[in-house]
S.K.: 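First, the structure itself, so that you have it in front of you.
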There are 2 protein chains.
Amino acid sequence: MNISQAADASGLSAKMIRHYEKIGLLQGIHRSASGYRLYSGEDLHRLRFIHQARRLGFSLEQIRELLSLWGDHRRSSREVKALAMQHLEDLDTRIQELQAMRQMISTLADTCHGDDRPDCPILDNLAASSTDKNTS
Amino acid sequence: MNISQAADASGLSAKMIRHYEKIGLLQGIHRSASGYRLYSGEDLHRLRFIHQARRLGFSLEQIRELLSLWGDHRRSSREVKALAMQHLEDLDTRIQELQAMRQMISTLADTCHGDDRPDCPILDNLAASSTDKNTS
DNA sequence: CTTGACCTTACCACGATGGCAAGGTTCAGG
DNA sequence: CCTGAACCTTGCCATCGTGGTAAGGTCAAG
């Protein structure tokens with residue numbers, strides 16, 4: 001199986017697959033006589049694992065660990081769960097940051113009439129917060 | 001006012017301030033005889049504006065437009081609001097993506113007992129979704 | 001044999017920020 | 001006056017994950 005077929009079958013791009021190999025997420029990929037990468041069913045399984053983990057927002061470093069745990073039959077589910085919980089916390093943090101922004105923008109946009117007049121609470125706020133101290 | 005004082009007063013780092021100048025968000029910054037950047041009260045106002053806009057998650061490109069609108073007394077509040085609404089949509093999209101991830105991770109973590117045993121629904125799911133078709 | 005569709009490697013780009021290095025400036029204390 | 005610390009300058013590299021592009025090799029169908 002060529003790289004573009006593996007890409008289609010895994011949902012990744014050929015570019016990503018080469019990248020994952022370069023950073024060590026994939027190893028021992030076979031090559032044809034002319035140097036083409038050849039993917040086995042097992043390789044494909046691994047690629048799909050990576051794709052799904054990326055869809056859940058895990059970083060490539062985290063995926064490296066997940067793959068290692070996946071391949072280790074003596075691992076404890078505790079380790080995997082800890083990794084997932086850490087990622088959950090990261091997600092929560094990012095969600096809350098974005099929601100705080102969303103809330104503020106939304107409030108400002110509500111008070112801006114958004115017509116031909118030039119006065120605008122949004123710009124006023126950006127400029128006014130300038131004189132606050134709690135601009136973190 | 002030196003750059004480190006401007007940094008302290010604006011909440012930005014000196015590094016960021018130089019960067020913002022390089023990409024054109026700040027112009028006409030005065031220099032001392034020896035080449036040190038010197039910041040006026042107006043410059044500081046602008047820096048704080050940028051800082052606040054960054055805190056609300058606007059990109060530097062969006063901030064470039066906001067600054068342009070801020071300085072244009074003939075602009076309509078419509079333009080500003082449109083920019084804010086666009087950003088709001090972007091935020092909503094990102095929040096929803098993260099929440100979908102969060103939901104999935106949370107569900108998987110709930111079903112993982114997280115003890116010394118090796119079986120783990122989290123890894124099973126990552127591996128199993130591998131055989132799904134809807135792996136987008 | 002040609003053509004087009006694949007493959008290879010290697011480099012540059014994004015966005016926003018941090019870090020480091022090599023060198024110049026300023027100021028206070030001895 | 002000299003020295004050292006604490007500033008300033010520019011320039012380059014790193015991050016993270018992905019895309020683009022170039023220059024070249026390979027393969028299969030016509």
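Residue numbers begin at 1 in each chain, while the letters A, B, ... track the order of the sequences.
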S.K.: Checking H113(B) against S77(A): is there a side-chain donor and acceptor pair closer than 3.5 Å?
M.R.: yes
S.K.: Name the one of L67(B), I63(B), L25(B) that satisfies side-chain contact (heavy atoms from CB on, under 4.5 Å) with Y20(B)?
M.R.: L25(B)
S.K.: Please report the closest heavy-atom contact between L98(B) and I95(A), naming both atoms and the distance.
M.R.: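 It is CB-CG1, 3.6 Å.
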S.K.: Compare side-chain N and O positions of R31(B) against OP1 and OP2 of dT25(C) and report whether any pair is under 4.0 Å apart.
M.R.: no
S.K.: Run the side-chain hydrogen bond (donor to acceptor under 3.5 Å, both in side chains) test against E97(A) and tell me which residues pass, sequence neighbours left out.
M.R.: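 Checked E97(A) against side-chain hydrogen bond (donor to acceptor under 3.5 Å, both in side chains); zero matches.
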S.K.: Figure out the CD/C1' separation between E21(B) and dT9(D), and round it to whole Å.
M.R.: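 Atom-to-atom, E21(B) to dT9(D), this comes out as 12 Å.
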S.K.: Looking at S34(B), I'd like to know whether one of its side-chain N or O atoms comes within less than 4.0 Å of OP1 or OP2 on dT26(C).
M.R.: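 So the side-chain polar atoms of S34(B) do come within 4.0 Å of the phosphate oxygens OP1 or OP2 of dT26(C), strictly under.
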S.K.: Counting only side-chain nitrogens and oxygens, does S32(B) get under 4.0 Å of the OP1 or OP2 atom of dC8(D)?
M.R.: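 Negative; the distance criterion is not met.
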S.K.: How long is the line joining CG of D8(A) and C1' of dC7(C), in whole Å?
M.R.: 15 Å
S.K.: Q96(A) and D92(A): side-chain donor and acceptor closer than 3.5 Å?
M.R.: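 Absent: no donor and acceptor within the cut-off.
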S.K.: Would you say T107(B) and D110(B) are linked by a side-chain donor-acceptor pair, where the criterion is simply a distance under 3.5 Å?
M.R.: no
S.K.: Using C1' atoms of five pairs at each end, report the bend of the helix from dC1(C)-dG30(D) to dG30(C)-dC1(D) rounded to 10 degrees.
M.R.: 30°
S.K.: Less than 4.0 angstrom between a side-chain N/O of R18(B) and OP1 or OP2 of dT9(D), yes or no?
M.R.: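 For R18(B), the contact criterion (side-chain N or O under 4.0 Å from OP1 or OP2 of dT9(D)) is met.
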S.K.: Answer yes or no: does a side-chain N or O of S4(B) lie under 4.0 Å from OP1 or OP2 of dC8(D)?
M.R.: yes
S.K.: For H51(A) and S10(A), which I'm curious about, is there any donor-acceptor pair between the side chains at under 3.5 Å?
M.R.: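 Not at all, the side chains of H51(A) and S10(A) share no donor-acceptor pair under 3.5 Å.
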S.K.: Would you give a per-nucleotide map of nucleotides 12-17 of chain C, 5' to 3', where B means the base has a protein non-hydrogen atom under 4.0 Å away, S means only the sugar-phosphate does, and - means neither?
M.R.: ----SB
